[in-house]
Amino acid sequence: MLTPLVKSGSLPPNRCHFQSFWPMRPDRYNPRESEPFWQRAWEESGIFHSRNDDPRPKYYVLEMFPYPSGRIHMGHVRNYAMGDVVARYMRARGRNVLHPMGWDAFGMPAENAAMQSGAHPAVWTYANIDTMRRQLKSMGLSLDWSREVATCDPRYYKHQQKMFLDFYKAGLVDRKTAKVNWDPVDQTVLANEQVIDGRGWRSGAPVEQRDLTQWFFKITDFAESLLSGLDTLERWPEKVRLMQRNWIGRSEGLLMRFAISGDGPSSMVEVFTTRPDTIFGASFVGLAMDHPIVRALAEKRPELAAFCDMCRRTGTSTADIETAEKQGFDLGIAADHPFLDNVRLPIYATNFVLMDYGTGAIFGCPAHDQRDFDFASKYALPIVPVICPPGVEPKDVSVAEGPYTGDGLLFNSHFLDGKTVDAAKDEIAARLEARRIDGAPQGVRRVNYKLRDWGVSRQRYWGCPIPMIHCDACGVVPVPEKSLPVELPQDVEFDRPGNPLDRHPTWKHVACPTCGKPARRETDTMDTFVDSSWYFARFTDPWNEAAPTTASAISNWLPVDQYIGGIEHAILHLLYSRFFMRGMKATGHADIEEPFAGLFTQGMVVHETYRGATGWLSPADVRIEQTAEGRRAFSLSDKGEVEIGSIEKMSKSKRNTVDPDEIIGSFGADAARWFMLSDSPPEGDVIWSEEGVQGVARFMQRIWRTVGELGNIAAPVGAPLPATLGPDAFALRKATHQALAKVEDDIVRLRFNRCVAHANEFVNRLGQAIGAITTDQVGADLAFAAREAAEALAHLVAPMMPHLAEACWRDLGHAEFISSAAWPVADRDLVREDMILLPVQVNGKKRDEVLAPRGADTATVEGLALASEAVQRALEGRPVKRVVVVPGRIVNVVI
RNA sequence: GCGGACGUGGCGAAACCGGUAGACGCAAGGGACUUAAAAUCCCUCGGGGAAUUCCCCGUGCGGGUUCGACCCCCGCCGUCCGCACCA
């Protein structure tokens, strides 16, 4: 089980000296000894615990918390390395940093493990948490472990149940029937992602569509707010905002009522359209198979029922939808055209109208919609064009080449003729709003969304129980708050399919809180996305036993300043969290609407694949040989040559995974972290390679040597800046501050690959500088510059390679941690060059470079450029038309 | 089909607001040190031609704008991602 949370009053001091023994400087830096040493020292000193009463400006950096699947993978290493760089940098810049970690611990894999091996989900989950916590700690992350939470802990889900009840009271929870994917073998609801080619992912049985009464969060109540809020999220990737915009899918249109004449189950049908302007091109009305009119008619007409069944069977898999032909069934009834007395539109049951969008009914205008066009072509319905494209005469408009969906002017449309599409939409809406049918307006302007309410019911054991009770007398009754948490029973069986909670002998039997008569608990548990929709808020005060959140902690810490995670959560997790924050605001648990001010979506870790005679081979079982002709791979077991395949996301099936424990064991956490941040831009994929990480190991030794060499000639800790500096010392200081400035600029923009390049460049320059120094000539100025350079180097790499940096820092004579030392902010005046090397072009082609004083006037620079021999040669005596001087940038001589 | 992103050496990539294309790393080749290996250090490394100093070509392809284009505009080709009958 989790260690108890530390009470906030008992947090250790923020900084402290350490007394543990650190050996004399070895020639080679040994991460295997150093890393555990520093990890223990950090843990003992508690420097990464953040206090809620710290007066410094806050910074909340968070990486998406892991599901405790068993072991961490390289994707975690990359994710958490990035977050740790930000956390450590911001801490060095004087911020009060919150950098917590927890576990997204409910979910199906725990139940699958229980079914396969008999281990109780809780036992399995907590064992995994222990393993993964140890692995994360071996990475040297600057996490505040005192705030650790696991969503499967009753101390966490108790508060989630409380908020469910508050949402319920606030009208944000609904109970309604909905279509679900039902696995008849496992007897459970499947998420869409768990339906593969129409079959359950686990049982392989054909999935049925069932109507089930489910609990819903009314996320659609916030559709407009969730959409408009996206505009305020300036530090989110545009790609993610766009995906959310499309997912919410706002469209403006008109609800239109058509009268149905003659016999039938209804005298009226309501459609939703975004194109009311095309009403004079309408030639049919289409209904979804589950539309009430179709259902009513199907009860009396077996051939219609058979048609509907046939259509329902297809459409589960995406491949079917792609190829499905438009199908219709003429219901034999017709709708009256609202403006043409003698026109009646035939009504069809169709397979391409969706029941859960709009009203489940459309009017079809084949001339201006692809689907309607396909349908009309198949069933020989009229295709009447009513929009005339710009630059075309109405008499020349043809529908032979398919529908026209663009803008234009109306024709064939009576009172709309000559109007623009927008004006025509307004005109139709205004006219229908003024008319009444069955006592209601015939037209109502309406905004429609693709966004659906969030169904949170799951027929599973390992999730947060929904705190509701069903009473035959009182109906649905919330569990009283004093009875929370509704805890999961421990004694459950996984020997049969279905929900163990439902068949538990006693758990669900409970007295009705209202009337006291025997009643039943809700046996559905919540979707695990609920758990992850507010954990970032819980981290601000995980010690509060009385309430989910503490107002002061929420307003101090939220929003999260930098959230980092995979793009795969671009929609659901991030949208649900944004909804939850709004719900928490509405119920007094929070005071803001947007939980994540900054979002960064990092790329995947990929690796090449190896395919031998017997199948895929793991990188650990392959030896790579470098030859001039290229790379060849051989199996370690049978020595046979294996094919080097494509580079793909690390996956168990392709066996191209690398185990973080092994990498950390042989190269160290610093090397793994550094490699993850180097080479590739963080939003792109990074290719893991053995050669690359070996290169990092060499670089680490180089840093260690460089710091040692500089340390040999460095001034004592805290030595003052000498009054005068010789040219060598001045150049060294300049290089130091240039490197600092570059890393500062790139680290805040999360361009870690560039930070790595700057660090490499700096070490190269330091190597040259050291090579030029002979020991007997070191004066106070150079000694100062050497100390400054060595300390800057340690600081530069500290966010990424914290252990090595600590060792260097200690080696340079510091008693405190570099992890709690202040960042040596670059002196930007020192960085500025007095003389600038300006490229000179002739007609846009570079011919020479001239050295000019910074801020030299145009005439001077022009004179220098024209005096250049290379420029004169390129001119070949031709007259100069013009000289373009971009100050501080470039000169272009135009001939 | 709709929406979006991307395309630069052998490879991963840099290039700020339209201003020196290829920083930095990996791989490769050559050399120094060494009995040898490892480690370390130095040199070369987009293509072509003169053969270190010079010239031509080069950022998927074809046009355009500009003194100047990897960058902006138009049209293609290719790759990847998201959504998918949304009325």
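Here is how names work: the chains are called A, B, and so on, in the same order as the sequence lines, proteins then strands, and each is numbered from 1.
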Checklist entry - On a whole-Å scale, what distance lies between the C1' atoms belonging to U79(B) and C57(B)? => result 27 Å
Checklist outcome for this item: Result for side-chain hydrogen bond (donor to acceptor under 3.5 Å, both in side chains) between Q738(A) and one of R832(A), E761(A), E833(A) points to E833(A)
Checklist entry - Is there a Watson-Crick or G-U wobble partner for C61(B) with both distances under 3.5 Å, and which nucleotide is it? => result G75(B)
Checklist entry - Under 4.0 Å: is that the gap between some side-chain N or O of K845(A) and OP1 or OP2 of A69(B)? => result no
Item to check | Residue whose nearest RNA chain B nucleotide is more 5′ - N246(A) or D679(A) | outcome: N246(A)
Next on the checklist: Looking at the base of C67(B), is there any donor atom on it, or on the side chain of K881(A), that sits under 3.5 Å from an acceptor on the other one?
Outcome noted: no
Checklist entry - With respect to the phosphate group of G25(B), does any side-chain polar atom (N or O) of R698(A) fall under 4.0 Å of OP1 or OP2? => result no
Item to check | Atom-pair distance (CZ on R889(A); P on A21(B)), nearest Å | outcome: 13 Å
Item to check | Residue-phosphate contact under 4.0 Å: N892(A) side-chain N/O, U20(B) OP1/OP2 | outcome: no
Next on the checklist: In whole Å, I'd like the distance from the CD atom of E238(A) to the C1' atom of C81(B).
Outcome noted: 15 Å
Item to check | Complementary nucleotide of U40(B), counting Watson-Crick and G-U pairs under 3.5 Å | outcome: A32(B)
Checklist entry - Within the structure shown, what part of the strands sits under 4.0 Å from N753(A) by heavy-atom distance: base, sugar-phosphate, or nothing? => result sugar-phosphate
Checklist entry - Roughly how far apart, to the nearest Å, are A27(B) and C72(B) at atom P? => result 34 Å
Checklist entry - C1' atom, C74(B) versus C24(B): distance in rounded Å? => result 36 Å
Checklist entry - Base, sugar-phosphate alone, or nothing: which one does S251(A) contact when heavy atoms must sit under 4.0 Å apart? => result sugar-phosphate
Next on the checklist: Quick test of your reading of the model: are E744(A) and R828(A) salt-bridged, counting only N-O distances below 4.0 Å?
Outcome noted: yes
Next on the checklist: At 4.0 Å (heavy atoms only), tell me whether E849(A) reaches a base, stays on the sugar-phosphate, or touches nothing.
Outcome noted: base
Next on the checklist: Counting the atoms with a prime plus P, OP1 and OP2 as sugar-phosphate, which does S680(A) contact under 4.0 Å by heavy atoms, base, sugar-phosphate, or nothing?
Outcome noted: sugar-phosphate
Checklist outcome for this item: Taking A23(B), C55(B), C85(B) as options, the one with an atom nearest any side-chain atom of E761(A) is A23(B)
Item to check | R847(A) vs C55(B): side-chain N/O to OP1/OP2 distance below 4.0 Å | outcome: yes
Next on the checklist: Suppose we define a pair by two distances each less than 3.5 Å, Watson-Crick or G-U wobble; what does A51(B) pair with here?
Outcome noted: none
Checklist entry - Hey, does I644(A) have a side-chain heavy atom less than 4.5 Å from the side chain of Y610(A)? => result yes
Item to check | Whole-angstrom distance between G12(B) and G46(B), as gauged at atom P | outcome: 16 Å
Item to check | Interatomic distance where CZ belongs to R873(A) and P belongs to C54(B) [whole Å] | outcome: 6 Å
Item to check | Chi-based syn or anti call at C17(B), which uses purine or pyrimidine torsion atoms and a 90° bound | outcome: syn
Checklist outcome for this item: Regarding G75(B), purine or pyrimidine glycosidic angle vs 90° from 0 gives anti
Next on the checklist: Taking atom types as they are modelled, would you say the side chain of N760(A) forms a donor-acceptor pair with the base of C24(B) within the 3.5 Å cutoff?
Outcome noted: no
Checklist entry - At under 4.0 Å, does any side-chain N or O of R705(A) touch on OP1 or OP2 of C41(B)? => result yes
Item to check | P spacing across the pair C42(B) / U53(B), given as an integer number of angstrom | outcome: 23 Å
Checklist entry - Can you say whether the rings of F675(A) and W688(A) are parallel (under 30°), tilted (30 to 60°) or perpendicular (over 60°)? => result perpendicular
Next on the checklist: Quick check on C67(B): is either OP1 or OP2 less than 4.0 Å from any side-chain nitrogen or oxygen of R882(A)?
Outcome noted: yes
Item to check | Rounded distance in Å between the P positions of A69(B) and C56(B) | outcome: 15 Å
Item to check | Upstream residue (5' side of RNA chain B) when Y357(A) and R702(A) are each assigned their closest nucleotide | outcome: R702(A)
Checklist outcome for this item: If pairing means Watson-Crick or G-U wobble with both distances under 3.5 Å, then the partner of G25(B) is C11(B)
Checklist entry - Do the ring planes of F352(A) and F284(A) sit parallel (below 30°), tilted (30 to 60°) or perpendicular (above 60°)? => result perpendicular
Item to check | D685(A) and R78(A) ion-paired at < 4.0 Å | outcome: no
Next on the checklist: Taking only side-chain N and O atoms of R751(A), does any of them lie within less than 4.0 angstrom of OP1 or OP2 on A15(B)?
Outcome noted: yes
Item to check | Nearest-angstrom distance, P atom, G1(B) to G9(B) | outcome: 29 Å
Item to check | Nearest-angstrom distance, P atom, A51(B) to C76(B) | outcome: 48 Å
Next on the checklist: Given the ring of F375(A), does K326(A) sit roughly above its face, with NZ or CZ under 6.0 Å from the centre of the six-membered ring and within 45° of the axis?
Outcome noted: no
Next on the checklist: Please classify the nucleic acid contact of D372(A) as base, sugar-phosphate, or nothing, using heavy-atom distances under 4.0 Å.
Outcome noted: nothing
Next on the checklist: Looking at G1(B), which nucleotide sits across from it as a Watson-Crick or G-U wobble partner, both distances under 3.5 angstrom, or is there none?
Outcome noted: C83(B)
Checklist entry - NA contact type, L354(A), heavy-atom cut-off 4.0 Å: base, sugar-phosphate, or nothing? => result base
Checklist outcome for this item: Among A13(B), G25(B), C81(B), the one nearest any side-chain atom of N764(A) is G25(B)
Item to check | Flag, side chain of Q872(A) to backbone of A867(A), donor-acceptor distance under 3.5 Å | outcome: no
Item to check | Interatomic distance, I836(A) CD1 vs G19(B) C1' [rounded to whole Å] | outcome: 14 Å
Checklist entry - So what does V353(A) touch, heavy atoms closer than 4.0 Å: a base, only the sugar-phosphate, or nothing? => result base
